[in-house]
Protein chains: 4
Amino acid sequence: MKHIPFHGVIAYPVTPFTGKEKVDIALFKTMVERLVITGAHGIAPLGSTGVLPYLSDEEKEAVTEACIQQVGGRVPTLVGVSNLTTEKTIYHARFAERAGATAVMIIPMSYWKLTDDEIVAHYDAVAASISIPIMAYNNPATSGVDMSPALLKRLLKIPNVTMIKESTGDVQRMHTLRKELGEEVAFYNGANPLALAAFAAGANGWCTAAPNLIPALNIALYDAVRENDLEKAQQLFYEQFDLLKFIVAKGLPRAVKAGLTLLGEEGGHLRNPLKPLTDKEVIELETILSPLRERSIPAQQLISGC
Amino acid sequence: MKHIPFHGVIAYPVTPFTGKEKVDIALFKTMVERLVITGAHGIAPLGSTGVLPYLSDEEKEAVTEACIQQVGGRVPTLVGVSNLTTEKTIYHARFAERAGATAVMIIPMSYWKLTDDEIVAHYDAVAASISIPIMAYNNPATSGVDMSPALLKRLLKIPNVTMIKESTGDVQRMHTLRKELGEEVAFYNGANPLALAAFAAGANGWCTAAPNLIPALNIALYDAVRENDLEKAQQLFYEQFDLLKFIVAKGLPRAVKAGLTLLGEEGGHLRNPLKPLTDKEVIELETILSPLRERSIPAQQLISGC
Amino acid sequence: MKHIPFHGVIAYPVTPFTGKEKVDIALFKTMVERLVITGAHGIAPLGSTGVLPYLSDEEKEAVTEACIQQVGGRVPTLVGVSNLTTEKTIYHARFAERAGATAVMIIPMSYWKLTDDEIVAHYDAVAASISIPIMAYNNPATSGVDMSPALLKRLLKIPNVTMIKESTGDVQRMHTLRKELGEEVAFYNGANPLALAAFAAGANGWCTAAPNLIPALNIALYDAVRENDLEKAQQLFYEQFDLLKFIVAKGLPRAVKAGLTLLGEEGGHLRNPLKPLTDKEVIELETILSPLRERSIPAQQLISGC
Amino acid sequence: MKHIPFHGVIAYPVTPFTGKEKVDIALFKTMVERLVITGAHGIAPLGSTGVLPYLSDEEKEAVTEACIQQVGGRVPTLVGVSNLTTEKTIYHARFAERAGATAVMIIPMSYWKLTDDEIVAHYDAVAASISIPIMAYNNPATSGVDMSPALLKRLLKIPNVTMIKESTGDVQRMHTLRKELGEEVAFYNGANPLALAAFAAGANGWCTAAPNLIPALNIALYDAVRENDLEKAQQLFYEQFDLLKFIVAKGLPRAVKAGLTLLGEEGGHLRNPLKPLTDKEVIELETILSPLRERSIPAQQLISGC
């Protein structure tokens with residue numbers, strides 16, 4: 001039987017930088033700790049939120065190790081290891097496995113649009129080189145390739161490809177996935193504004209950077225769904241909808257950093273060419289975030305306990 | 001307060017033709033009767049399903065009268081009166097009101113893409129000429145104009161524009177509508193494969209041709225939502241999902257006609273250039289419809305009772 | 001051999017209305033006369049510019065007769081006869097033939113997206129009912145159906161379907177048409193901002209409303225192409241490019257009407273819901289049109305000579 | 001005055017690999033030599049064709065040096081130095097300048113969609129760190145960002161940003177560029193199937209991988225345009241159109257490699273996940289390439305002379 005280690009809210013930490021654009025490992029660990037103690041059901045470093053493609057190999061390795069060490073087995077970890085070449089993807093997947101990752105997430109990054117056969121061969125080669133599970137990630141907006149349900153079906157035949165993350169932002173795609181891949185398929189929603197619809201559609205989990213800012217609301221939504229309470233889920237969803245839309249529209253690393261500052265947390269610096277939100281955008285975010293603030297557990301208070 | 005006469009499953013009858021491409025009013029009445037007695041919460045003649053744009057003025061009038069007469073006030077009626085010109089839209093809206101329609105549905109048909117101001121003036125003129133409520137219908141795929149939430153907000157300021165039907169097929173649009181127009185806005189889903197997601201998002205109703213084929217399943221889905229039973233709603237939705245996708249993909253009039261024949265009902269003829277489904281498509285439909293057949297109440301049996 | 005009666009600049013008159021939204025036949029004839037005497041190589045009433053879909057059957061017939069009568073055989077006429085139903089398309093095609101049209105133009109109007117087989121059957125039925133040539137018109141933005149080169153190839157097998165009008169706005173489509181349909185295919189460009197690229201690609205003609213405003217520039221562009229003078233064609237094209245973009249962006253009937261007024265000509269009224277350009281748009285048009293004014297032959301002067 | 005070192009056909013060599021996926025510098029030099037002696041007006045290593053994003057820093061440097069050395073100043077060189085981060089882009093731009101590149105090409109690679117201000121800051125920082133000219137490259141399909149004419153106008157204010165490469169594939173964009181940026185703007189076409197339309201629109205040059213396979217035809221097209229002979233240009237374009245479409249559809253590195261093999265040249269290996277064309281695709285390419293073969297000067301013969 002397929003090994004499916006994730007459910008619920010899978011939180012994506014940002015990768016913070018110092019003023020000199022070096023990765024700030026100490027701050028990163030603080031951020032990971034906040035995500036764990038505020039209730040995330042899984043931690044996923046080196047995703048889009050973690051600016052994976054902007055990091056050197058050494059930086060990726062340092063982030064991987066720091067995350068796994070900080071989480072310390074309290075919840076499962078899902079490490080992003082995607083790379084344009086198969087050789088490099090294998091390299092990072094092996095590193096993550098040795099470092100103790102629960103699973104790895106792989107999107108078929110592509111500069112030159114890959115054929116279905118090229119994608120299958122890519123996953124095949126990586127899967128054969130590790131023994132932990134793989135979450136195959138579909139996000140045409142960033143990868144340039146839209147993996148059809150038929151292709152995902154092929155990928156799921158690889159023994160340790162056990163999970164699908166869907167980020168097209170179209171709930172109909174999720175319906176089709178579930179119908180074509182079978183009810184037992186483990187699929188995860190990666191489009192924040194689709195959180196309610198995806199859970200209604202049967203998603204196992206929600207991959208999201210939102211817990212950096214509003215963890216209590218994110219987890220409450222999942223709990224309402226598990227309690228089969230649609231009305232409550234709907235109400236919780238609309239409470240957080242504007243924030244979900246905002247952080248997606250402005251880019252997760254930029255928006256999360258600004259939000260952390262508004263919450264009185266250290267958000268770190270960005271790496272160029274990414275720049276902080278403009279003053280106007282920060283005000284817009286404040287308007288959205290303020291009413292939700294009580295919903296976000298003060299981190300200092302929490303961390304003081306660890 | 002706004003007059004909002006619809007909720008639940010609003011069923012769209014097809015407009016059947018004789019072998020000589022004349023509207024078959026007798027058969028149309030039988031179809032309407034089936035929709036009423038199988039539980040539809042509203043009846044909407046002269047929609048896309050009813051091939052409104054393919055009919056002459058006289059035919060539209062005959063269909064309007066036949067529908068209202070057959071329904072006989074058992075459920076509310078929503079008559080499509082859209083037209084390219086404002087003058088003709090007013091003409092048909094007035095006719096529907098005089099004939100006893102509960103409300104009219106209006107999409108801003110456009111050959112030349114209309115500006116927001118042109119659309120507002122169009123609705124304004126029509127609304128001023130009748131006193132029954134108007135459902136403003138957004139479906140860029142057929143009208144050529146995508147009405148933004150901001151524009152819909154302007155339309156809702158017209159006193160008797162009281163309802164919004166959304167058919168972009170994007171649940172995020174519905175989330176935005178509800179956030180921007182306020183919780184009390186009455187919005188209806190017109191995209192069949194979005195039925196579950198739209199109800200989860202808070203839609204008041206579902207405008208659909210599916211009750212021509214599987215009324216019991218359609219209504220059961222709505223009932224599960226009203227009972228706040230997400231799990232049951234999800235299961236019922238996936239049962240009918242393939243059918244919903246099929247009838248949309250093949251065009252509602254063609255698919256409904258073929259489905260009725262498979263169910264042993266009279267489906268009538270189409271008007272050229274629309275042609276029946278191919279044999280291969282009919283077999284595909286049969287594979288989808290057969291397992292759901294027991295879900296569709298045999299009409300003869302029902303009608304014999306009326 | 002195929003009968004191909006058109007080349008060069010095929011001019012599209014608007015259909016003007018009186019203040020009471022009645023078709024103004026007298027003014028229409030004046031407009032047609034201007035197009036003929038300013039050098040158009042063909043006249044095409046009842047196109048998109050002529051607001052075909054907004055007219056009643058009687059109005060279409062009056063416009064058809066008025067145009068053919070006014071042109072009086074000086075150049076060929078191409079009458080738009082498209083309709084949603086096959087029966088009505090046949091009706092109008094026959095009328096045009098009897099009235100003396102050189103050819104008819106047909107776009108596969110579709111509310112319900114037509115299959116390739118439905119489209120072929122539609123053209124087949126119309127073509128069999130007349131003996132004059134048909135120009136098949138592809139414009140997915142208005143018809144809702146994008147006819148592939150493969151489908152157009154099928155249509156061209158019908159003896160009196162002899163010409164293709166392409167308005168996707170993508171010059172690559174024209175390249176593909178010419179490669180797949182053969183060098184001898186007669187194709188016409190219907191996208192104004194593509195005028196230069198289409199002629200470079202080998203288009204036989206340019207279907208355009210621009211001669212209502214800048215006939216001399218339009219015809220000079222075609223002449224430069226025929227003289228194989230690319231440099232001159234390029235320079236002439238860029239002179240008129242802003243105007244071509246503007247009239248497309250604002251909608252041809254609205255923009256042409258405003259332009260005529262700026263030129264001191266009678267432009268007539270629009271039929272609701274279409275409204276005149278805003279004051280701001282008129283100023284924008286004036287800025288574009290003024291420097292080209294000397295390029296537009298004063299109509300009074302010309303007409304006085306006829 | 002702006003320094004604009006390129007015109008005509010700017011040829012893009014592939015970066016070939018050995019069977020063990022190492023960059024094959026010797027073979028690369030042979031390929032560059034072929035491009036020079038068959039008449040290319042410029043050589044552009046490390047473009048999309050040269051699989052820039054799949055290479056390590058060391059590999060990029062080796063390719064840069066090998067190319068500049070092999071070209072030996074016979075024609076100008078345009079080295080691709082794009083990178084996700086500003087720091088790395090500066091690093092490679094400086095390397096290229098020191099190595100003797102004539103100019104560098106920069107696309108705003110983006111994982112997180114960049115704002116206009118972020119893009120301007122990125123180019124500003126890179127431009128300030130070198131003194132050779134920069135070609136700003138717009139290709140939303142690969143970069144994820146579509147630079148508007150207004151943004152390009154801002155970039156052109158940076159003194160050593162002197163050239164624009166446009167690859168949206170839409171000739172209307174080029175018309176707009178030329179109108180908004182002024183007649184003297186140096187813009188280059190990067191969309192192969194648009195070669196004719198772009199030259200007709202006034203493009204200074206054509207950035208293309210096609211000279212790896214059909215240099216004589218590519219250059220003849222440019223010559224015809226310079227001779228103001230549109231008819232000849234059109235005929236030459238249609239001769240090569242199917243090949244241009246094919247190599248774009250299949251991905252330039254894969255298609256060029258297969259084409260070289262068909263021409264009896266050494267094409268090298270690809271780096272995974274990119275795979276060779278399928279047998280069926282090779283046959284399709286052969287059908288297209290065979291009739292053009294005499295148009296491609298046999299390289300052995302040419303190289304023997306150097």
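To find a chain, count down the sequence lines: A is the first, B the second, and so on, and within it residues start at 1. For the numbers below, each heavy atom of this structure counts, side chains included, while hydrogens, waters and symmetry mates do not. Keep in mind the model is a prediction, meaning the values are calculated, not measured.
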Please report the interatomic distance [atom1]([X]) to [atom2]([Y]), rounded to the nearest 0.5 Å.
X: C:K153; Y: C:L181; atom1: NZ; atom2: CG; result: 6.5 Å
X: D:I214; Y: D:L292; atom1: CD1; atom2: CG; result: 6.0 Å
X: D:R173; Y: D:N189; atom1: CZ; atom2: CG; result: 13.0 Å

- Task: Fit a plane to each ring of C:F241 and C:F237, take the angle between them on a 0 to 90° scale, and name the class: parallel (under 30°), tilted (30 to 60°) or perpendicular (over 60°).
- Result: tilted
With a 4.5 Å cut-off on heavy-atom pairs, point out which of [options] contacts chain C the most.
options: D:D242, D:N228, D:V171, D:L230; value: D:N228
options: D:Q172, D:E183, D:K232, D:H175; value: D:H175
options: D:A191, D:A198, D:G202; value: D:G202
options: D:R178, D:M174, D:K245; value: D:R178

